[in-house]
Amino acid sequence: MDRRKSEKREKPDMAERKPNPGPPGENTVTIKDLTVEYKMKKYSIRAASRVSLDIRRGRMTALVGESGSGKTTVASALLNCISTPGEIVSGDIIFHEKDGSVVEVGKLNEKQLNAFRWSRISMVFQGAQSSLNPVMTILDHFYETMKVHEPKTTKSDAADRTRRVLSVVNLNADRIMKMYPHELSGGMKQRVMIAMSLLLDPELIILDEPTTALDVITQDYIFKILKKINKETGIAMLLLTHDISIVAKFTDYMAVMYAGRVVEYGRTADVFRHKAHPYTRGLIMATPSLYGDLESMKPIGGAPPDLMELPEGCVFRPRCPYADETCGREEPILRTVGENHLSRCQKEVFHVK
Amino acid sequence: MSNNEVLMQLKNIHMVFEKGGGIFSRERYFHVLKDINLDIYKGEILAIVGESGCGKTTLGKIITGLLKPGKGEITYQGQNIYRLMGMDSGYKKAVQFIQQDSYAALNPVKTIRDSMMAPIRVHHKELSYAQGEKLAGELLERVGLAPAEQFLSKFPHQMSGGQRQRVLMARALTMDPRLIVADEPVSMIDVSMRLAILNLMSELNREMGIAFVYITHDLSTARYIANSGRICVMYMGEIMELSSMDELIRSPKHPYSQALFKAVPVPDPDCADIDTPLPLKSMELMDLEKRNGGCPFYSRCIYGKEKCLCEPVEYRQVDGAYVKCVYEGVPKWEM
């Protein structure tokens, strides 16, 4: 840990950092067969079931799903901060350092974890309004974060760093730093949160519905900033969202989640073109668009799954228009249907030719 | 199925909120709505689109009579609604409101039966309890909650968001309304179920002739529901563009509408264009307190001229659309 800290201080700062610290496309984090259960007295709920995922350097990967599909559970597992009664039952989360060494997140002790969180993987939370402390200035927020990770930091060091990260998100640092959260608009607060996630030079930023409360113009502006950071610095990004239109516009890879399972994973363009899982198909057809045919749009029938009473076999079977009796026998596995493209549907017709 | 008979008319509506006014600070006023003129026709679907804080919910509340505007006149079938406010007049029953948060709109300790029966007991005094219950059951089945017996004895927390939203719809129908103002009815519902609720609303519009005012920040769902209706784009308390949905989708005319259209993501990666910036001068919003009569979009508008800031903006009619912009050189929209 100490070694890493001393390295970090010598590292060039955000604004000066040259593109692509590691080769883009290489894994930053590999999740293998991750299973998370919330154990109650009488029953347990499997919020994530054998989730495997690659998160790549310099790319934006989306985790799409409806509420309760397990997106946030997977993200919490990445930082090993699932709250009780939840626990990681099985699976590995492997973090790849730039120099090739690996960190197994599940094996870190509490002290190591505290140093790992935010400095290697940081997070932008949903609703920036409630993530900032109303009685602290913006600079104090940054100073506090740095102080925890690098106890010797002085306030002027912090101000320098803060100025740099705030300029990355196009904010006028000298003005913003002295302000209190209530003086900023929603979009500005969210940009402050993004700047804060950049502060310690992480390798991966988790974005949990970063623009839900914002209007479309601000949303577009924020995503363009994120995309620029993503491309220029090579920081990997994991976007949790329910909005498939945003996924189509801004991400490179996507994983569709349903009832705690990844049902389809691949390059965004491939997934949209082939739609190898009926749920993905339904989701795309259920999303209204400004252009295109309105007649072909239809909702997915049935109701979202109850994690306590999942059906036998394929979990999407009760809502799937293509399901037949063979789907009820056993749960399909995630299999390769094309290059870098996986689907959890056993029907061959949906597979890429 | 809209005809051109006017159901409600809003004339020069102004709404001002007051802020501050302590011992040391002067009172400050915010124009939440400014000079709104809007006709709502019988049996039409009108979408009101705008970003958060543009006054769209305030406008919805004014239409339903929940808020009284500072200035202006609202008529329902030609009569001023503030003279109609008594219970006997048709207005209160004919105009219903559906809120965004269906969980907050239903009493958590009462069953759906109780929630449905409350308005029936008050407004349908001629019905016995059993008859009232029958009506409640019929309406629940009308909105797709069949069999009704199964839902009548449930509590709100036992239902999904989509089902609760349907209950709100059924409860509004107990009044046999002519107009339903729906404020973001689908924003809290899972994506896969949204279309079903929107479809239900268009069905009620088609089959029962109920007019809908659909308030949203989401242009895509607005297009879906009001495809053959009208749309009204709001910005900072003013209507920027009012036209048929068809016309707006084909060619948005106000610089704000154009920027808005560019910003809406399309669910197709082939259409993704992330390198061109939006047609905006800056992201800075105008300070609501400082503006003086001019165009509120001036600070972000790429076509903004000196005169936009101080001259009051009048509506212009361009190809059947009303546009609140003085500048005539806004280029034609290209897709």
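A, B, ... follow the sequence lines: proteins, then strands. Residue 1 opens every chain.
Contacts with chain A were tallied for B:D268, B:V191, B:D270; B:V191 has the most, counting heavy-atom pairs under 4.5 Å. Interface remark: of the candidates A:T218, A:T251, A:I300, A:L294, A:L294 forms the most heavy-atom pairs closer than 4.5 Å to chain B. When B:H217, B:R300, B:E51, B:R223 are compared by the number of non-hydrogen pairs under 4.5 Å with chain A, B:R223 comes out ahead. Interface remark: of the candidates B:T221, B:L278, B:L280, B:L278 forms the most heavy-atom pairs closer than 4.5 Å to chain A.
Using a 4.5 Å cut-off between heavy atoms, B:N199 touches chain A through its side chain atoms alone. Proximity to chain A (any heavy atom under 4.5 Å) is shown, for B:D190, by both the backbone and the side chain. Using a 4.5 Å cut-off between heavy atoms, A:M285 contacts chain B through its backbone alone, with no side-chain atom that close. For A:K298, the part lying under 4.5 angstrom from a heavy atom of chain B is the backbone only.
Using a 30° and 60° split on the angle between ring planes, B:Y256 and B:F297 fall in the perpendicular class, above 60°. Note: A:F316 and A:H277 have tilted aromatic rings, judged against thresholds of 30 and 60 degrees for the angle between ring planes. Ring pair A:H274/A:H341 is tilted by interplanar angle, where 30° to 60° counts as tilted.
Exactly one residue among A:K231, A:K227, A:R267 makes a salt bridge (Lys or Arg N to Asp or Glu O under 4.0 Å) with A:D252. That residue is A:K227.
For the pair A:A323 and A:C327, the tightest heavy-atom approach, listed with the atom from each and the gap, is CA-SG, 4.0 Å.
The neighbour count for A:K228 NZ, taken as heavy atoms of other residues, nucleotides or ligands under 6.0 Å away, does not exceed 12.
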